[in-house]
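Chain naming here is simple, since letters A, B, ... match the order of the sequence lines and numbering starts at 1 in each.
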Amino acid sequence: MEKIVISIMSDILDIPADLLNIESTIENTEKWDSLNQLTIILALEEHYKITFPDEVLPTLNSIKGILKYLEQIHA
Amino acid sequence: MLLTEITEHNKQYKNKDLPSLNLLILRDITLDPIEHFYRYYSNLMGYHAAITWGNYNTIYQDSYNLSSDYDFIFIFPKLEMMTENLTYKFSRMRTEDIQLEISNIIFFFKGVFSNIRQSSNAVILWHSFEVPLYPNLGIFDTISENSQLEIINNINSLTKGLAYEFKGVYCVDTNLCQSRLGNFFYDRRMWYSSKMPYSLDGLKEIANEDFKYIRALKGKNKKCLVLDCDNTLWGGIVGEDGIEKIQLDEKFINFHREIINLYYRGIIIALVSKNNEDDVWEVFRKRNDMTLKKEHIATSQINWDDKATNIKIIAENLNIGLDSIVFADDSVFECNLVKSLIPEIETLHMNKPMDYSIILASCGLFDTVSLSDEDKKRGQMYKEDLQRKKIKSDKTNLLEYYTSLEMNLEISKVTNLEVGRASQLTQRTNQFNFTTRRYSEEDIKHFIEDPSHDIYYVKARDNIGDLGIVGLIILRYEDESAFIDSFLMSCRALGRTIEDAFLMNVILQLERTGIKRIIGLYSETKKNIQVKDYYERYGFINNKNCWVLYTDNLPKKDFSYFKNIEMRE
């Protein structure tokens, strides 16, 4: 799942996938800003056929946060 | 297509060498994810989108001092951001206050459009205001006069009226997008967190609608629909099930109706089918419930060869580019095969019969920004053209062939009556077009009024049918010189010297008015190579980047095989 999320994000942010890892966050990653964040959320929702509840949105600012939610609903 | 597929596609296209399409987006709202769709559609049209975003909620300020490089300027105003009164407090508003709000908004748009026009000729795509899904007055809104919905629609119409006053402003009907998706057009989470009103599907719908305009205005709209037969035009396989057994229920009838709509919008309809040809035409002849008729079909290739080869033959017969064709088939295999052998073609995969008509209606590939009487007759005219070709192959002597056509030409200056067709010819002609300058109806009107310009059309008729207005010459005068700003001919009129006679008659007219030099221009594109040497062959003298003809030394040309050429003063 980590691999898929990183691949989706690298296409959206238009950066090589190896610049992203489990520690990446909106603060420490080039091009990842609040506007690209909207696209990331929409793309993940469409890909996993889910809707993030609005209270979860603020926790999706890091790859850890994204994976935590996705693993939780897929568990 | 999924957003992830779109971003992956965009990444692959990133390093391709394509001309850029400069887009500026002015907005009251957040809608940044839409740029991935704009990039995708630009790539499909053969461009790289260079996108500039205006700041959030600063449409007016951002419309000042624009760079002149933009090709398209998108404007996304939001009623909620412009007037709290009309959106949230409508039930409290008095008629005079409503009127004041309306005039403020119109004044605002007038300001924005004129600001833009001071520095930029870019096409403006202005997005209309959406009506609320739940009006302030509930059902009473529908009952009352001057309802909230009516007022908002009224503002949209007034702005549309304003758009006609300024050149090149088009109204994108956001309400149409909204009504296709209803509540799913919006995403309230995103509105409250980021001031982005639209859902992912909403953004897709808007981008798709925007690019219908861009495709049409860039002359990239499609001209011909090539249809498979078995399981596409009818259910079942005629060769196996037989004529009586194939299904033609309402799903197929509605698909036929949509095809016929395209026929009357000037789209050429053709068939490609792996079948015995007689079987297919027997369906047309014997099944009374076939809504689509043989007369709608301009040409066909019904045989057992592969479909890509057959489509190439159709393109050649019709004298149109393969990138002007859309191929529709129920088989994924056939769609993929054709797409892999002809990458420039667009394919529509017909999945479920109940979706056929909506697939065709929603694709937007054939959309145009104008519709002329010629369009309504085009299908018929292409059919006649193929008859002419048949006669041509029967006649060995070319002069004899030309004479047998009994061609009549009418050459005249364009008047207000022909403005629509003239603009359209500049928009859609790619091959016989020396400069490929696209002109709007307003531009054409300007040429008519401006004494330093003249614009001539040629209308053609022969013993097989009426071709209508098929060519245009736009002239710009400077002292005793006339520059041929544009010279273009519709491809279906080529191959019988109408262009030569048209040009000569215009030249003779110029000579009579005292013009000494006629200067032809040529700007090369991928599609207009065929006219590269035209001026030279005609007798013009090559002079650096242009071609010159002196009216005291005109080449002798004989057009006596035309039945009649009428030059109207």
Side-chain angles (χ1 to χ4, degrees), chain A residues 1-21 24-27 29-63 65-74, chain B residues 1-16 25 27-40 42-43 48-57 76 181 183-207:
Chain A
M1 188 175 292
E2 184 183 333
K3 230 177 160 179
I4 297 172
V5 169
I6 285 181
S7 146
I8 289 174
M9 288 182 59
S10 102
D11 286 348
I12 293 171
L13 301 177
D14 194 15
I15 57 175
D18 51 21
L19 287 185
L20 292 165
N21 58 53
S24 302
T25 69
I26 197 163
E27 282 90 21
T29 308
E30 185 200 358
K31 287 197 176 176
W32 188 356
D33 59 19
S34 60
L35 294 173
N36 276 327
Q37 174 68 357
L38 293 175
T39 311
I40 292 170
I41 291 171
L42 296 176
L44 290 172
E45 288 188 327
E46 194 183 39
H47 181 85
Y48 288 105
K49 300 190 175 64
I50 54 164
T51 306
F52 293 114
D54 52 349
E55 65 272 16
V56 170
L57 296 183
T59 71
L60 304 175
N61 288 339
S62 65
I63 293 199
I66 292 169
L67 290 175
K68 188 179 161 206
Y69 183 79
L70 291 178
E71 276 157 11
Q72 178 196 320
I73 58 160
H74 278 89
Chain B
M1 248 180 132
L2 299 178
L3 177 52
T4 47
E5 293 170 316
I6 301 264
T7 52
E8 203 184 323
H9 164 103
N10 291 350
K11 206 173 188 182
Q12 283 164 11
Y13 264 69
K14 203 177 136 192
N15 296 321
K16 288 203 179 177
I25 305 166
R27 43 39 187 290
D28 273 344
I29 48 173
T30 306
L31 73 167
D32 301 54
I34 204 171
E35 73 170 46
H36 299 281
F37 300 107
Y38 287 162
R39 288 189 201 287
Y40 172 73
S42 301
N43 288 161
H48 270 310
I51 300 175
T52 310
W53 286 91
N55 289 320
Y56 172 73
N57 199 10
F76 288 94
L181 295 170
N183 210 6
F184 299 105
F185 189 56
Y186 300 107
D187 187 335
R188 279 186 292 282
R189 287 174 316 167
M190 296 302 185
W191 176 248
Y192 291 119
S193 66
S194 319
K195 284 287 167 283
M196 180 165 88
Y198 308 119
S199 65
L200 179 57
D201 285 338
L203 294 172
K204 280 185 191 173
E205 195 63 45
I206 295 170

Checklist line | Inter-residue atom distance A:Leu20.CG - A:Ile8.CD1, 0.5 Å rounding | finding: 12.0 Å

Check: Got a second to check how far B:Leu203's CG is from B:Met196's CE, nearest 0.5 Å?
Finding: 5.0 Å

Between chain A and chain B, which N/O donor-acceptor pairs sit under 3.5 Å?
from: A:Ser10; atom 1: OG; to: B:Lys11; atom 2: NZ; distance (Å): 3.0
from: A:Asp11; atom 1: OD1; to: B:Lys11; atom 2: NZ; distance (Å): 3.4
from: A:Asp14; atom 1: OD1; to: B:Lys14; atom 2: NZ; distance (Å): 3.2
from: A:Glu45; atom 1: OE1; to: B:Arg189; atom 2: NH2; distance (Å): 3.0
from: A:Glu45; atom 1: OE2; to: B:Arg189; atom 2: NH1; distance (Å): 2.5
from: A:Glu45; atom 1: OE2; to: B:Arg189; atom 2: NH2; distance (Å): 3.2
from: A:Glu46; atom 1: OE1; to: B:Leu3; atom 2: N; distance (Å): 2.6
from: A:Glu46; atom 1: OE2; to: B:Lys204; atom 2: NZ; distance (Å): 2.6
from: A:Phe52; atom 1: O; to: B:Arg189; atom 2: NH1; distance (Å): 2.6

Checklist line | Heavy-atom proximity to chain B below 4.5 Å, by part of A:Leu57 | finding: side chain

Next item on the list: Report yes if the side chains of A:Met9 and A:Thr29 come closer than 4.5 Å at any heavy-atom pair, otherwise no.
Entry: no

Margin query: Applying ring pair (Phe, Tyr, Trp, His ring centres under 6.0 Å), can you list everything that pairs with B:Phe37, at least two apart in sequence or on another chain?
Written below: none

Check: Which bit of B:Ile34 is near chain A, if near means a heavy-atom gap under 4.5 Å: side chain, backbone, both or neither?
Finding: neither

Check: Checking A:Leu13 against chain B: side chain, backbone, both or neither under 4.5 Å from a heavy atom?
Finding: neither

Notebook entry, point to check: Which atoms of A:Ile41 come close to chain B, meaning under 4.5 Å heavy atom to heavy atom: side chain ones, backbone ones, both, or neither?
Noted result: side chain

Next item on the list: Search all heavy atoms of A:Ile63 against all heavy atoms of A:Ile6 and return the closest pair with its distance.
Entry: CD1-CG1, 3.9 Å

Check: Where is the tightest heavy-atom contact between A:Leu60 and A:Gly65, given as atom of each residue plus distance?
Finding: CD2-O, 4.2 Å

